[in-house]
Amino acid sequence: MKDQYDPHAFEEQWSRRWEAEKIYAAPDDPGKTKRFVMEMFPYPSGDLHMGHVENYTIADAMARYWRMRGFEVMHPMGYDAFGLPAENAAMRRGIHPRQWTMSNIDMMRSSLRRLGYSYDWSREVISCNPDYYRWNQWIFLKFYERGLAYRRTSPVNWCPVDKTVLAREQLSTGVCWRCGSVPEIRDLTQWFLKITDYSDRLLDEMKGLQWSDSILSQQRNWIGRSRGAEVTFKLRLKDSQDLVDFPVFTTRPDTLWGATFFVLAAEHPLAREMVAGTEQEAPFDEFVEEVRRETEVDRMAAKGVRRGFELPAVAVNPVNGEELPVWAADYILMGYGTGAIMAVPAHDQRDFEFARENGLPVRVVVQPEGQTLDPESMNEGYSGPGTLVNSGPFTGTAVDPDTHEGIDKVIEWLSEKGRGTAKVNYRQRDWLVSRQRYWGTPIPIVYCDECGEVPVPYEHLPVLLPDEAEYSSSDDAVSPLANDKDFVNTICPRCGEPASRETDTLDTFFDSSWYFLRYCDPDNDEAPFKTSKVNRWCPVDNYFGGVEHAVMHLIYARFFVKVFQDMGLLSFPEPFLRLFNQGHVSLGGKEMSKSTGNVIEAAAAIDAYGADSARTFILFSSPPAADYDFPLDGFEQIGRVAHSWLSRVWRVLSEVSNGAVPPELDRAVHRTIKAVTDEMEEFGLNTAIARMMELVNDFSKFDGPVPRPAAEAFLKLLAPIAPYLTEELWHRYGNEGSIHLQRWPDYDREKAEADRVVMVVQVNGKVRDRIEVSAEITKDEMTSLAIASERVKAYLNGGEPHKVIAVPPKLVNVVVR
RNA sequence: GCGGGCGUGGCGAAAUGGUAGACGCGCAGGAUUUAGGAUCCUGUGGGAUUGACUCCCGUGGAGGUUCGAGUCCUCUCGCCCGCACCA
């Protein structure tokens, strides 16, 4: 039995046995002790790498721990299988996206199995399969019925050479990833989901979530609710007397008297109208072209040249009748507010910069306390609190944008005068779900000359993605599917006349917005899921994933659940109760990425040292929430560290005795159970392993084989981290049944606590002596022991201490003047 | 610009306001071994000093609160991450 630790000798066979015996299967109808534990499902881009291994090992260790604590655990896995990289790979290598995706899934699944993750494989979800995406289509139609899906035009980046739409990823350097040509902007009619109907709920219902403040505040900023007023200006062309009402949103209606110009978004149709037929038309079009070539990221860049174009019009300020110049500019976005602003350069930084660049006037209307702003000498906009000046009836009013002090009074006055109304505005925009892509869920809509836009009837679902279609465009037809006549040409479900299908596919964030619900009922072919099953398992108790999904994925999933709740499909408002963001794993300071070859693949790590070592070293190397950078040449060494510790465990525990556990060792075991339990409760996996290492050190000092109860308690503690080794030893001891179905060991509180402790004696906060004392020692006893200490007497010089602070039983501080 | 985070030995890191550096790597010395590897033992923040004791310094920097600060507060320097300009 004194054989060497050889993980390859038994890992695979245990993996097979666990699966055959379905020891990790989740029941369909759990009770109150249910725990839904889930990781963000991977995009199948290749084999699993160490970044995946970190996330999944943390989650698996916790799932195993909770299972041993008596929870009914559901721990499922799936694949986010639609998406752009499959098409890119297909174009590069001439493989069908499905083939590429499925072979990657096979590779990943094999690594996931080898790593011993405790998934219930019967619940696996693959989003590119028709039995999944038909429910995307079902959901889309339900949204459509509720008025939550609608079409309008929106611009895309179009490569004129490759005849294809470019995603941000394919445009990283501003030119087409394949041919290097500069993209042009095309306006396409696209589908949107009306997520803005749920902005308030998405904001307000965040309260009960046990998520990090960082993620919550990112979501809050994303939704960006701001209180302010809509104020109606009148616009007039310079050579006309016709006045047109034009509302603008402002959070600072108190600064209306400081407005010195008016700005329209460059792409605002009204701006184009103003110059139409004049000699300014051509230069204006050129200006707009330039602006549209800027990415939104450029337009929001902090510094840099702001593009502007003066328009032949004036805007009339409703509060004082003043006529202001009208400009078009790149820093005003069509999609926010009304696509126009009143500019108050003295009190807004962007307006200030634009005014300085274009020689526009600056007028101060808020004076901060204790100083006087002078438009001539200012070098930035002032947006803090102060007192209104030169502001008509409001001169002398104190205002504060943080507390809204004074601002509400202005809004009230505007409403009374009919010049504006209170208004809440959001930064969040509706969710564009149309993609001009092959590898996605076809949008189930038919266009008929007679009936217009017609939803595909539910009984016709799924609208199958044609297998043999081209997956890149070959002409100006925007979506690849448009080239497939068999797909496009259909019959109108309403009137029976010839009609054509929608050829766009859905954003893959649609797939990932509800996959966790499908885990609860993966084989249902009558509905996306059964309400009762979802209500029993959900919400997800613990969700593990990276911070990169802080906003989009997590907001979209929350939105779906709220809509489903309104539809009566489920009865909870939030999908994910607790969210754990694991740190990022990098290699040599760079993100691990398949495409740059900067990866440590999971299979290589398992091959070298076995799955338990891979799991142990990734958990021990850094705290779960911290980033971890693999040294470029350090993988060998790090893997060996874990392997050699597990070998030590193997050596020390391969033989056990039937003797009783001697008291001292028993205490060590109980102390360790308590410490490890406490660490696990806090996700302290690295420190839990450290505590176990200490116990192994105690075991190895023990004379002779370790008594079996002590060894078994230890194996149970280690089981969530190293499931194979612990299972193997557990069975070698003669136990029946899996260690992973055992209960987590209890500890005896008295045994876990030491009866003798080292009391630290400080003088003025510096350690001067250590005395071993009973753990039951009182403050008075501590004080007298401290004062009696020779070391302390030296500092007292025969005098009395000024003060003694005793913190039983470990610390006493003698304060000497 | 906005939002979030992080700075502790040669390295990964620990530390409810209470002994800074647990645990581990690495390194040094020793044991074992034909050798290497593996294993076991001892030591290991910096400095001064000693036969041993012991003392001083030390958590990016500067202040502050406190009997006591890596931890709390203010300022500051550096690094990292996310983002769709709160009009």
Side-chain angles (χ1 to χ4, degrees), chain A residues 4 212-228 248-252 255 259 263 265 295-297 299-303 329-333 335-344 347-351 383 401 425-429 546-552 581 583-584 589 591 617 620-623 625-631 634 637-638 640-642 644-645 647-648 651 675 684 686-694 696-697 700-701 758-770 791 801-807 810-816:
Chain A
Q4 284 228 322
S212 73
D213 291 343
S214 136
I215 302 265
L216 292 176
S217 84
Q218 284 182 61
Q219 295 217 347
R220 221 172 277 123
N221 294 333
W222 178 270
I223 295 166
R225 178 161 66 190
S226 55
R227 274 204 302 153
V248 296
F249 176 74
T250 175
T251 55
R252 295 296 305 275
T255 63
V263 192
T295 63
E296 221 157 90
V297 176
R299 286 174 76 167
M300 82 177 186
K303 305 284 172 201
D330 60 353
Y331 77 103
I332 302 305
L333 300 177
Y336 188 79
T338 62
I341 59 151
M342 61 157 191
V344 185
H347 304 296
D348 180 280
Q349 184 56 21
R350 290 170 304 258
D351 295 347
S383 56
N425 210 11
Y426 301 87
R427 238 160 57 112
Q428 184 175 40
R429 307 197 288 248
V547 282
E548 67 273 19
H549 292 296
V551 184
M552 297 205 287
N581 299 114
H584 267 113
E591 198 188 344
F617 81 66
F620 184 61
S621 59
S622 80
D627 294 343
Y628 180 71
D629 186 42
F630 273 94
Q637 183 191 313
I638 290 163
R640 204 163 52 230
V641 167
S644 74
W645 182 65
S647 303
R648 184 171 157 90
R651 271 194 308 279
N686 57 327
T687 41
I689 294 170
R691 299 287 87 79
M692 292 184 227
M693 287 175 166
E694 286 170 341
V696 172
N697 290 345
S700 72
K701 284 180 196 119
V758 173
M759 177 181 87
V760 167
V761 183
Q762 296 182 332
V763 175
N764 292 339
K766 295 199 182 218
V767 181
R768 297 301 178 190
D769 204 358
R770 291 183 172 82
R791 307 275 346 275
H802 174 66
K803 195 170 167 186
V804 179
I805 288 135
V807 186
K810 279 166 109 175
L811 184 132
V812 57
N813 187 15
V814 179
V815 184
V816 179

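Letters A, B, ... mirror the listed sequences (proteins, then strands); counts begin at 1. For clarity, every value in this text was computed on a predicted model and none was experimentally measured. Heavy atoms only: backbone and side chains are in, while hydrogens, waters and symmetry mates are out.
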Asks: Any chance you could measure A/Phe249, atom CZ, to A/Thr338, atom OG1, to the nearest 0.5 Å?
Replies: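 Going from the CZ atom of A/Phe249 to the OG1 atom of A/Thr338 covers 10.0 Å.
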Asks: May I ask you to verify if any side-chain N or O of A/Thr251 is less than 4.0 angstrom from the OP1 or OP2 atom of B/A87?
Replies: yes
Asks: So, is A/Ser226 close to the B/A87 phosphate, meaning a side-chain N or O under 4.0 Å from OP1 or OP2?
Replies: yes
Asks: In whole angstrom, give me the gap between the P atoms of B/C40 and B/C79.
Replies: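 The answer is 44 Å between these two P atoms.
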Asks: How close or far is atom P of B/G1 from atom NE2 of A/His347, stated in whole angstroms?
Replies: 20 Å
Asks: Output the distance between atom CD (A/Gln428) and atom CZ (A/Arg225), rounded to the nearest 0.5 Å.
Replies: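 The CD atom of A/Gln428 sits 11.0 Å away from the CZ atom of A/Arg225.
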Asks: Drop me the distance from A/Met552's CE to A/Gln219's CD, to the nearest 0.5 angstrom.
Replies: 12.0 Å
Asks: Rounded to whole angstrom, note down the P distance from B/C83 over to B/G10.
Replies: 36 Å
Asks: For the pair made of CG in A/Asp627 and C1' in B/C79, what is the distance, rounded to whole Å?
Replies: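 A/Asp627 atom CG is separated from B/C79 atom C1' by 12 Å.
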Asks: Can you check the distance between B/C2 and B/U71, where both ends of the measurement are the C1' atom (answer in whole Å)?
Replies: 28 Å
Asks: When you measure from the side chain of A/Asn764 to the backbone N and O of A/Val816, does any donor-acceptor pair fall under 3.5 Å?
Replies: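 Side chain of A/Asn764 to backbone of A/Val816: a pair is present.
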Asks: For A/Lys803 and B/C67, what is the distance between atoms NZ and C1' respectively, to the nearest whole Å?
Replies: 5 Å
Asks: With a 3.5 Å distance limit and no angle check, can you tell me whether A/Asp627 reaches the backbone of A/His584 through a side-chain donor-acceptor pair?
Replies: yes
Asks: Judged by each residue's nearest nucleotide on RNA chain B, which is more toward the 5′ side, A/Val641 or A/Asn764?
Replies: A/Val641
Asks: CZ of A/Arg791 to CZ of A/Arg770: how many Å apart, nearest 0.5 Å?
Replies: 10.0 Å
Asks: Check the distance between B/U66's C1' and A/Leu811's CG and give it to me in whole angstrom.
Replies: 14 Å
Asks: Would you measure the distance from the P atom in B/G1 across to the matching atom in B/C56 and give it in whole Å?
Replies: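 Rounded to whole Å, the distance is 46 Å.
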Asks: Go along nucleotides 34-57 of chain B 5' to 3' and tag each nucleotide: B for a protein heavy atom under 4.0 Å from its base, S when only backbone or sugar atoms are that close, - otherwise.
Replies: -----SS-------------SSSS
Asks: Taking the P atom of each, how far is B/G7 from B/G70, in whole Å?
Replies: 14 Å
Asks: P atom, B/C11 versus B/G46: distance in rounded Å?
Replies: 12 Å
Asks: Please determine whether any donor N or O and acceptor N or O are separated by less than 3.5 Å between the side chain of A/Arg691 and the base of B/A22.
Replies: yes
Asks: Measuring from atom CD1 of A/Ile805 to atom CD of A/Gln762, what distance do you get when rounded to the nearest 0.5 angstrom?
Replies: 9.5 Å
Asks: Between atom CZ in A/Phe630 and atom P in B/A13, what is the gap in whole Å?
Replies: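 Going from CZ in A/Phe630 over to P in B/A13 covers 12 Å.
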Asks: As a quick check of understanding, evaluate side chain to side chain contact (heavy atoms under 4.5 Å, CB included) for A/Val696 and A/Arg648, giving each step before the final call.
Replies: CA-CA 8 Å; A/Val696 172; A/Arg648 184 171 157 90; 3.9 Å; yes
Asks: Which string of ( ) [ ] | and . matches RNA chain B, if you list each base 5' to 3' and count Watson-Crick or G-U pairs only when both distances are under 3.5 Å?
Replies: (((((((..(((.....[....)))((((((.......))))))((((.....))))..(((((..]....))))))))))))....
Asks: When you measure from the side-chain N and O atoms of A/Lys810 to the phosphate of B/G18, is any distance below 4.0 Å, counting only OP1 and OP2?
Replies: no
Asks: Rounded to whole angstroms, how far apart are CD1 on A/Ile332 and C1' on B/A87?
Replies: 5 Å
Asks: Using heavy atoms to find the nearest nucleotide of RNA chain B for A/Gly337 and A/Met552 separately, return the residue whose nucleotide is more 5′.
Replies: A/Met552
Asks: Categorize A/Val760 for me: base, sugar-phosphate, or nothing, with a 4.0 angstrom heavy-atom threshold over every strand shown.
Replies: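 Counting heavy atoms under 4.0 Å across all strands, the contact made by A/Val760 includes a base.
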Asks: Please state the C1' separation for the pair B/G63 and B/U54 - nearest whole angstrom.
Replies: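 Rounded to whole Å, the distance is 32 Å.
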Asks: So, taking the atom named CG in A/Asn813 and the one named CZ in A/Arg768, what distance separates them when rounded to the nearest 0.5 Å?
Replies: 11.0 Å
Asks: B/G82 P sits how many Å from A/Gln219 CD, rounded?
Replies: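 For the pair A/Gln219 CD and B/G82 P, the rounded distance is 17 Å.
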Asks: Should B/G17 be called syn or anti, with syn set as within 90° of 0?
Replies: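 Here the answer is anti: the torsion falls beyond 90° from 0.
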Asks: Applying ring pair (Phe, Tyr, Trp, His ring centres under 6.0 Å), name anything that partners A/His549, two or more places apart in sequence or on another chain.
Replies: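 Per chain and number, A/His549 pairs via ring pair (Phe, Tyr, Trp, His ring centres under 6.0 Å) with A/His553.
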Asks: Closest to the A/Met693 side chain: B/C23, B/U19, B/C67?
Replies: B/C23
Asks: Mind checking if A/Arg770 touches a base, just sugar-phosphate, or nothing, with heavy atoms under 4.0 Å?
Replies: base
Asks: To the nearest angstrom, how far is A/Arg225 atom CZ from B/A87 atom P?
Replies: 14 Å
Asks: Could you tell me whether the side chain of A/Ser212 and the main chain of A/Ile215 form a donor-acceptor pair under 3.5 Å?
Replies: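 Answer holds: yes.
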Asks: Can you check the distance between B/C6 and B/A13, where both ends of the measurement are the C1' atom (answer in whole Å)?
Replies: 14 Å
Asks: Output yes when a side-chain donor or acceptor of A/Asp351 lies under 3.5 Å from a complementary backbone atom of A/Val344, and no otherwise.
Replies: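 At least one qualifying donor-acceptor pair exists.
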Asks: At under 4.0 Å, does any side-chain N or O of A/Asn813 touch on OP1 or OP2 of B/G18?
Replies: no
Asks: Which part of the nucleic acid, if any, lies within reach of A/Met692 when heavy atoms closer than 4.0 Å are counted: base, sugar-phosphate only, or nothing?
Replies: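 Result for A/Met692 = nothing.
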Asks: Classify the nucleic acid contact of A/Asn686 as base, sugar-phosphate or nothing, counting any heavy atom under 4.0 Å across all strands shown.
Replies: sugar-phosphate
Asks: Of the nucleotides B/C23, B/A87, B/A14, which has the atom closest to the A/Phe620 side chain?
Replies: B/C23
